[in-house]
Number of protein chains: 2
Amino acid sequence: MSVTINDIARAAGVSRTTVSRVLNDSGYVKEETRNNILKAIRELNYTPSAIARSLSTNKTNTIGVIVPEINNPFFGEIIKGIGQVADEYNLNLILFNTDDNRKKELKALKLLKEQRIQGVIITPTYPEDDFDSNYLSTLENLGIPVILIDGHVECFNFSGVFIDHIKGAYDGTNALIEAGHKKIALITGCMNSRPAKDRLIGYKKALIMNNIPVDENYIFYGDYKHESAYEITKQILEMKDKPTAIFVMSNMMILGCMKAFYEENIRVPEDMAIIGFDKIEALNIVGMNISFINGPTIEMGRIGMKLLIDNLENKESNKELKRITLLPKLVLKGSEKLIKR
Amino acid sequence: MSVTINDIARAAGVSRTTVSRVLNDSGYVKEETRNNILKAIRELNYTPSAIARSLSTNKTNTIGVIVPEINNPFFGEIIKGIGQVADEYNLNLILFNTDDNRKKELKALKLLKEQRIQGVIITPTYPEDDFDSNYLSTLENLGIPVILIDGHVECFNFSGVFIDHIKGAYDGTNALIEAGHKKIALITGCMNSRPAKDRLIGYKKALIMNNIPVDENYIFYGDYKHESAYEITKQILEMKDKPTAIFVMSNMMILGCMKAFYEENIRVPEDMAIIGFDKIEALNIVGMNISFINGPTIEMGRIGMKLLIDNLENKESNKELKRITLLPKLVLKGSEKLIKR
DNA sequence: GTGAAAGCGCTAACAC
DNA sequence: GTGTTAGCGCTTTCAC
């Protein structure tokens, strides 16, 4: 079918060993021979088969990437970061999008293992229930290096890049407090997920450190989706003892809040201050004064990929766990306006 | 290193052929033998090597996907659509993100060819200059089925899914005209790209059909980026004979316009109507009344993937070009407000 | 400097 | 029903 190394060898009048040598720049080859071979390669439009090479060398130079929501730029940026580093090291990326579906995640892992990839970078989706041991054991029995990126998974057995969600939520809530707010509502993400749990801790911590009692009436349980945030926000706006600020646990949910605000003609932050987790590029560019706490997404991808490469290069020696925690940045937009009164 | 088909054969006391038979469900195997083999597979935690299989069958069940901007949800959704169909057919996706860089695109094609993928789906970036024959010949000499998705490439030799940009721009402009607007500015995308050219045609056509002279002073040349749109919009807002509406050629550029509007306290569409190409999910959810013309992104991905599968299945017979053109949808938000006066 | 030969893990005739 | 054998396209000793 397609042209092989043997065709080149024949065309150049050498053995395939020699062709292999010039392909891989290994061992000495006479200048003239090399030129003949290169000429044949050009003329026959030959491209070596990575498949055959992989089988022979037992290395695929391919890594697997699993994300829950490819159309969310948050993950798009993570992949972008991963891709940048992969490009430097000439690694290929096999991508799986799971639509937040654990079943698909497991299928992806299986397919990746068949592909004999060198390692997996995964941003796990949140579990349907708290108990998720089946998934974890699959991950552990994979026999392939696994790097977690900011996962929702409660597990300390894997290396990975994480965000300090406690600190992030603390900083965000604190900024509202410093601006004079005392009645600060919280809209959580799906409480099965680690980030949501941590952010709740950070929120409470900030209140407590500032001697503001935690009022359960101000804590609303969402699910990371904008629809729930919209409903909750409308609810909030009808409270008798309305909060003056809202802390929201995800970028999608900010949109839900904004929608409710927009409908009710609430100005941000004059009528209601808001801080959310993860930026929304669009609102940002447009210039809306939405403050946010932002994990460095592209950087997370880059670091994750570097962790994996480290792991691959240091064969047996350097396999110990490396968990890197990044501090999210608090970005105050029109911060003077965060002031309550 | 890892466990192979031979290990299973030995453990089950059969030949590897028989193991292969149960793996692929081909040929008859005695129930008892089959069970022994399955047991061995389970106990040894065996996963067959797709690499070896690929080499042997000359099929990789992998397709390449090349996009220019993975962190743009527009492409994220295309990939999502591709992935949905790929999942149904158990195909793997090797992904390359090119950052709008033709060099990287070419490198990606080379690497994909090495991987002996079955086909490529590519959303080409726009060319740096009009003459782009080198790129096209690379694509043609690839020897692998290529499917274009809404590319910026001026080429009719490839199958693909496309948007009727002329019709889209015509409809959008027309909607503004029907709302009473006569002075309609246009902010173009990069004019090297096919969509920009087509959209310009559609815009002009709508004006002409309505007996509105095309005024070159109202045509501004952008580059798809929000920064340029911002500058241009500020310029527009200072014109003596200001337009009453703006037609914008990309979602990113809408953001630039909105930013300028926001700064100048221009209300949409009361002070200035705007219609853009491609939706912005965020603004949409928030409920801003930004009308847009929208190609069905996920659907494009799905159709592109199906085209490719068609192509792969119908060996030599059905290889003729299939170019599917989808009509973009005009989505009028708060359409009554589009009315000029 | 170059080639012969074995082998990577699997599939696919073909034989029994 | 099951095994033998010959590859798939490459790399890698080990000779020469």
Side-chain angles (χ1 to χ4, degrees), chain A residues 1-38 40-41 44-62 92 111-118 143-144, chain B residues 1-38 40-41 44-62 92 111-118 143-144:
Chain A
M1 180 142 289
S2 69
V3 24
T4 78
I5 197 173
N6 290 309
D7 300 323
I8 303 300
R10 204 173 315 119
V14 295
S15 77
R16 60 164 175 262
T17 312
T18 311
V19 177
S20 178
R21 284 202 184 92
V22 348
L23 285 178
N24 299 297
D25 235 357
S26 62
Y28 291 95
V29 179
K30 207 205 299 178
E31 196 57 25
E32 194 193 333
T33 320
R34 170 189 309 277
N35 287 334
N36 284 340
I37 293 174
L38 290 176
I41 289 178
L44 298 183
N45 190 20
Y46 167 70
T47 307
S49 160
I51 300 293
R53 177 179 293 156
S54 292
L55 185 61
S56 184
T57 57
N58 201 22
K59 274 187 63 186
T60 54
N61 291 326
T62 298
N92 293 311
L111 289 175
L112 285 173
K113 190 171 180 190
E114 287 187 358
Q115 293 296 330
R116 298 294 189 262
I117 49 154
Q118 314 285 152
I144 297 173
Chain B
M1 182 141 291
S2 68
V3 24
T4 78
I5 197 173
N6 290 308
D7 299 322
I8 303 300
R10 203 174 314 121
V14 296
S15 79
R16 61 166 175 258
T17 310
T18 311
V19 178
S20 177
R21 284 204 183 90
V22 348
L23 285 178
N24 299 299
D25 236 357
S26 63
Y28 292 94
V29 179
K30 208 204 300 176
E31 195 57 24
E32 193 194 333
T33 322
R34 173 191 304 279
N35 287 334
N36 284 341
I37 292 174
L38 290 176
I41 289 179
L44 298 183
N45 189 20
Y46 166 69
T47 307
S49 161
I51 301 294
R53 177 180 292 156
S54 293
L55 185 62
S56 183
T57 57
N58 200 23
K59 273 187 63 186
T60 53
N61 290 327
T62 298
N92 294 311
L111 289 175
L112 285 173
K113 189 170 182 191
E114 288 187 358
Q115 294 296 330
R116 297 296 189 261
I117 49 155
Q118 314 284 153
I144 297 173

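Convention: sequence-line order gives letters A, B, ...; per-chain numbering from 1.
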Bend angle of the helix from C:dG1-D:dC16 to C:dC16-D:dG1, from helix axes over five pairs at each end, nearest 10°: 30°

Nucleotide nearest B:Arg16 when distance is taken to its side chain, options C:dT2, C:dC8, C:dT11: C:dT11

Can you measure B:Ile5 atom CD1 to D:dT2 atom P for me and round it to whole angstrom units? 15 Å

Any donor-acceptor pair under 3.5 Å joining the side chain of B:Ser56 to the base of D:dG7? yes

Proximal nucleotide (of D:dT11, C:dG9, C:dA4) relative to the B:Leu55 side chain: C:dG9

Residue whose closest nucleotide on DNA chain D lies nearer the 5' end, B:Ala52 versus B:Glu31: B:Glu31

Which nucleotide in C:dG9, D:dT12, D:dT2 has an atom nearest any side-chain atom of B:Thr33: D:dT2

Does B:Thr17 make a side-chain donor-acceptor contact with the base of C:dT11, cut-off 3.5 Å? no

Closest nucleotide among C:dG9, D:dC10, C:dG3 to the A:Ser49 side chain: D:dC10

Got a second to check how far A:Asn92's CG is from B:Leu111's CG, nearest 0.5 Å? 5.5 Å

Should the side chain of B:Arg21 and the base of D:dG3 be counted as holding a donor-acceptor pair, with the cut-off at 3.5 Å? yes

With a 4.0 Å cutoff (strictly under), does any side-chain N or O of A:Thr18 reach OP1 or OP2 of C:dT2? no

Selection from D:dG9, D:dT2, C:dT11 that lies nearest to any side-chain heavy atom of B:Thr57: C:dT11

Nearest to the side chain of B:Val14 - C:dA4, C:dT2, D:dG3? D:dG3

Just verifying a value: how many Å separate B:Thr33 OG1 and B:Glu31 CD, rounded to the nearest 0.5 Å? 9.0 Å

Roughly how far, to the nearest 0.5 Å, is CD1 of A:Ile5 from CD1 of A:Ile37? 9.0 Å

For side-chain contact (heavy atoms from CB on, under 4.5 Å), just list the numbers for A:Arg116 and A:Leu55, CA-CA rounded to whole Å, side-chain angles, deciding distance to a tenth of an Å, and then say yes or no. CA-CA 10 Å; A:Arg116 298 294 189 262; A:Leu55 185 61; over 6 Å; no

Atom of B:Leu23, atom of B:Ile41 and distance for their closest heavy-atom approach: CD2-CD1, 3.9 Å

Here the pair of heavy atoms bringing B:Thr60 nearest to B:Gln115 is CG2-O, 3.6 Å

Heavy-atom closest contact (B:Val22 atom, B:Arg34 atom, distance): CB-NH1, 4.1 Å

Answer yes or no: does a side-chain N or O of B:Asn6 lie under 4.0 Å from OP1 or OP2 of C:dC10? no

